[in-house]
Protein chains: 4
Amino acid sequence: MQVALVGVSGYSGMTLYALLKQHPAVDQINLYGHAGSQPVALKTVAPMYQKETAVIRPFDAQAVMAQNDLIFFATSAGVTSQLALPLIAENFPVIDLSGDFRLSNPAQYTKWYHRAAAPAEALAKASYGLADFNPTLTTYVANPGCYATATLLGLAPLVQQQLINPNSIVVDAKSGLSGAGKKLTPTSQFAMVNDNLQLYKVNQHQHIPEVMQQLKKWWPAIPAIEFTTTLIPVTRGIMSSIYVKAAQATTTATILAAFEQVYGDQPFVQILPAGEMPTLKDVIGSNNCAIGVNVNPVTNTIFVVSVIDNLMKGAAGQAIQNFNAYFNFAPTTGLPTLPVFP
Amino acid sequence: MQVALVGVSGYSGMTLYALLKQHPAVDQINLYGHAGSQPVALKTVAPMYQKETAVIRPFDAQAVMAQNDLIFFATSAGVTSQLALPLIAENFPVIDLSGDFRLSNPAQYTKWYHRAAAPAEALAKASYGLADFNPTLTTYVANPGCYATATLLGLAPLVQQQLINPNSIVVDAKSGLSGAGKKLTPTSQFAMVNDNLQLYKVNQHQHIPEVMQQLKKWWPAIPAIEFTTTLIPVTRGIMSSIYVKAAQATTTATILAAFEQVYGDQPFVQILPAGEMPTLKDVIGSNNCAIGVNVNPVTNTIFVVSVIDNLMKGAAGQAIQNFNAYFNFAPTTGLPTLPVFP
Amino acid sequence: MQVALVGVSGYSGMTLYALLKQHPAVDQINLYGHAGSQPVALKTVAPMYQKETAVIRPFDAQAVMAQNDLIFFATSAGVTSQLALPLIAENFPVIDLSGDFRLSNPAQYTKWYHRAAAPAEALAKASYGLADFNPTLTTYVANPGCYATATLLGLAPLVQQQLINPNSIVVDAKSGLSGAGKKLTPTSQFAMVNDNLQLYKVNQHQHIPEVMQQLKKWWPAIPAIEFTTTLIPVTRGIMSSIYVKAAQATTTATILAAFEQVYGDQPFVQILPAGEMPTLKDVIGSNNCAIGVNVNPVTNTIFVVSVIDNLMKGAAGQAIQNFNAYFNFAPTTGLPTLPVFP
Amino acid sequence: MQVALVGVSGYSGMTLYALLKQHPAVDQINLYGHAGSQPVALKTVAPMYQKETAVIRPFDAQAVMAQNDLIFFATSAGVTSQLALPLIAENFPVIDLSGDFRLSNPAQYTKWYHRAAAPAEALAKASYGLADFNPTLTTYVANPGCYATATLLGLAPLVQQQLINPNSIVVDAKSGLSGAGKKLTPTSQFAMVNDNLQLYKVNQHQHIPEVMQQLKKWWPAIPAIEFTTTLIPVTRGIMSSIYVKAAQATTTATILAAFEQVYGDQPFVQILPAGEMPTLKDVIGSNNCAIGVNVNPVTNTIFVVSVIDNLMKGAAGQAIQNFNAYFNFAPTTGLPTLPVFP
């Protein structure tokens, strides 16, 4: 099998490349850049890949479809809304790590991404690949965002089973710097990040609408969520700290049982025993999501902590999980289930 | 003026020593250790103080009172509940950085600190020195805890003016490692802290009861708070991220005005303009507290972020602030109002 | 094939476990602890391995040999000098990650490790597994130390080809904290490591004698080396910065050619082009060693920088490399050649 | 006394502002920007200075001289070589933190800074303010570079007393990120700096010629030095690790005695006892330099470690030290001699 990877130079693209290299079903990875007309050696954009001989070629839709069985896009917002239209027209298999096809409503995309959306009929062909819920995948898979994945996995049992006051959801989400990509900004400089916490896009992060879209599918009564994002001085990792009011008096054991029921058979989701809370290091380097729960009977609050590696489960790892599902490979094929520790 | 400092070897004690060294009203700092019977050179417990000639002497209550005008205790929980009783009996001026005299109810102390409290009649003589509220200080000042200071300063205007649903307070607090002191534990090792987030004492942190005690003084209707604590990979700094439901529809501008009204004249409290959120680096190295506010009309949530340097405003800095108040020095005497940046 | 792993709870042991889990030739990993008499679930000593069902059993030499094809020891200094003797007596295959069998001279071991050495006749049966030099392996393989590996790979071409003044070797080596293991010490606490550099064991590190032993094999005229070690605020990674005086006037290109000649065919050693220097991130998470060279004609100095991941090439990765060589598997079997980036 | 500060927005400028604010002899700080024609509020370029009311005004040489007693320049290379000429013409007191006037030979400046030098006659009026050596200061003081300060303080006794082989000096220097300033570059991004070491400008750093200029003043026989620079994941701090061959067999005690003789009376230089090595945290936040020495009799190497805070002793702190010397204030006036710890 040959697969195409468009956008290898970003952090998600590089992580995806490394995963595809060790995937047993992938015979060849063909690299494409969405800009420029000359081939470029991979090692010139990724100097740490000294011994890799791969070359990045310009993207040409017909040629790419002719040579490959599936195309991964690890490109920035705004690229696939243009580039992928010929692929959608042909129903060619695509897994898109960008946000361009996650929202079925173009107006929502424009509101949160501040740019034009893909045509509504193209959006309608995409499926939202929240992999641990075994969604039915169309040929165009919109791979979920990193914050959205951590948050949805932490909220799913509570929302699906209507265990909470739907008006009470608060998410205090924390992310490492790789989530922001390679762009140079004052807030991503070491001297500003190290020994610091920086809030950004309070209630304005572009992953909020995909969270809402999915929550409403599970329980239409959810009106909105409070969602803040804080940059923490780590390279990888997302923690979603979730606070909700219980619909009725409950216990940690009851809520944990609900989580076990939903995730018990999922190889990548780990529900911690009562009294334990996950740390980022429990999952970094793996495709896992680890979840801890604490119920406070005094405040009637259910507190859920959900952690993932944003470049793995939050991007490239979940893309491989969707790839495995699309071709009916075993779920863990080519995916690490143990973190890189410490 | 001569002052006594008991417990210089801890992080708070060392910070207090450095502040006292440059305080214009302090002629001499006399150091005491609460254990051991032999004098020890300061530089043997603090090797970075190579040129300091100070000596740590054993604590003897009568001798210490005879030589000093005031005593600072920077000792661990459980020390002053024993050691300070003769000082209280004499109404000798004390500023106590430990938690031993913050809770007026001994049963609460025992519940949260898991040890015996000081006698109730001794506790009754202590005043809670939340310095930016200009409290009336008795001769025994219980200096507030670090989490409590950041959280109370962030909640005060909302609670005092009853702007919120009293049943809705959620605090997602983050702290650097110096808050946990010098004790060796697996969770404080670099390989576990670096690139990681670790929750601990969820709804069980010993600063919760002093927050509740103060909140109830401001508004007895507050029943309880949800309070979680997350260790972040920084050395210094506390951020309290506070979520509350507004009592009625409001705006960021309205809430900011309430904060400005309360803190406008306080030299150490900085209220940021709408649209800005504080970072730890805004305050580290200073005695400042910086506060940002965001009102979300969709969820009717008031989000407040309050940051301090846990060793300054959260410990030694606030102790100097109380020292200045006690002796009627100008509030900023000997205290940095600019952070050490970057 | 079944393999035994003794000492899984340390950082090297956990890394080795993760590598063995994905090694295609390993059917089963049997875990043993060198102390205690009761079986313990792996996940109780490694909480991030929630879904692993493996159990750690007490070590019994005869039972272990009966069940396994090879034994890995990831134990502390002083353990295999006792525990491995029955295995050596039977010529049973062992790969020992500890330092106990690296030095053929027992007096040297005692001098540098401050403890009793294994018997000289046992030491004589061990081979030093500096894997990228394809050594002839005996049944007892002493896996090299992390500092030694980075330093020897950086010095080998210069020493083997006698390109330098043998009396001029200076090594300024830097290491992350995982190299020091899990032991709790004041110098390994986050508040002391973060934002800091700490020197330790200047000219006294226990990896110095194994470097000297190997250098003298390559060129007996090497009398001694200057070797300092600095703890840096990173979790993983070693950088050996090596300064030597050239034997005669030379150029960067000439020295790089010598390195290419030695390492050109080695899959894990990357020689960077002139003008580039390796960073830790070039190798972390991989079994690679990356090397850069700069010749200063003004000072006649050859400067070599050699970097590795101390838990991979410096421990568990090189152990797998030796395992592959011992059983004639392809060198890269089960080993990552791409770093985890960023 | 009124002082001018040109270039407050950089890291050195902000540090200098904070120091001047608490200097007892400074009544007013007047801020100037070297570009732009409109006044700008300080807090708009330094948001953490919320309560500061200072305004940055355009620089006009005559007006600045009229209002101030001395001018500090904390500007980038290339600014004062133009801007300061009218001040030099008037012999107006200047302390220049940039590198423009450190090298008396214009050709050397052009070679290492890759830009045009100030006129030779202007350069001739400047004095090199290596403050701990009590230099004779002219009205134009060139404040030394950070790497140069750490390295020269570590080498001075050895070179002045000709205790070493002059051809053997190797300096492995490490620096935190604030030394590189605020400029956005890929190598200064958090995701590249965190958990990493990056070499840069090997034997090409622009502080090398000022080190050589001073060493040759002390001992003209010094021909050259090997000097490498490594970026470490800390915000502040420089460590110069210096290796030299002893001129004749010696001991740590003998070399320490030489250092004590040179620095014994200097309030900011701390010579550590035999067996101890300085860490960055020994000096961060202070104007101190801490030095440790180790003599290896086997390799005949003298190893010296010298650490400073690059923004204090390496920039703003030394500038205040020169300011104190110029006006005959006590050396420690307005300067912290204790580090901010931890």
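Proteins come first, then strands; the chains are lettered A, B, ... in the order of their sequence lines, and each starts at number 1. Computed from a prediction, not measured in an experiment: that's the story for all the values here.
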Please look at [X] and chain B and tell me whether the side chain, the backbone, both or neither of the residue comes under 4.5 angstrom of a heavy atom of that chain.
X: A:Val307; answer: neither
X: A:Asn203; answer: side chain
X: A:Phe341; answer: side chain

- Query: Taking B:Met239, B:Gln198, B:Glu276 one by one, which has the highest count of heavy-atom pairs under 4.5 Å against chain A?
  - Reply: B:Met239
- Note on the structure: Honestly, the part of B:Ile232 sitting under 4.5 Å from a heavy atom of chain A is side chain
- For the side chain of A:Lys281 and the backbone of B:Asn194, is there at least one donor-acceptor N/O pair under 3.5 Å apart? yes
- Heavy atoms, side chains only, cut-off 4.5 Å: are A:Val298 and B:Glu226 in contact? no
- Item | A:Lys245 side chain near B:Asn167 side chain, heavy-atom distance below 4.5 Å | yes
- Message: So, using salt bridge (Lys or Arg N to Asp or Glu O under 4.0 Å) as the criterion, who are the partners of A:Lys174 when residues are at least two apart?
- Response: A:Asp172, B:Asp172
- Task: To the nearest 0.5 angstrom, please state how far the OG atom of B:Ser175 sits from the CG atom of A:Leu197.
- Result: 10.0 Å
Among [options], which has the most heavy-atom pairs under 4.5 Å with chain B?
options: A:Leu280, A:Val234, A:Val170, A:Thr235; result: A:Leu280
options: A:Ile284, A:Thr228, A:Ile169, A:Ile225; result: A:Thr228
options: A:Ala191, A:Pro342, A:Gly176; result: A:Ala191
options: A:Leu199, A:Leu231, A:Asn196; result: A:Asn196

- Looking only at heavy atoms, which of residues 179-187 of chain A get nearer than 4.5 Å to chain B? none
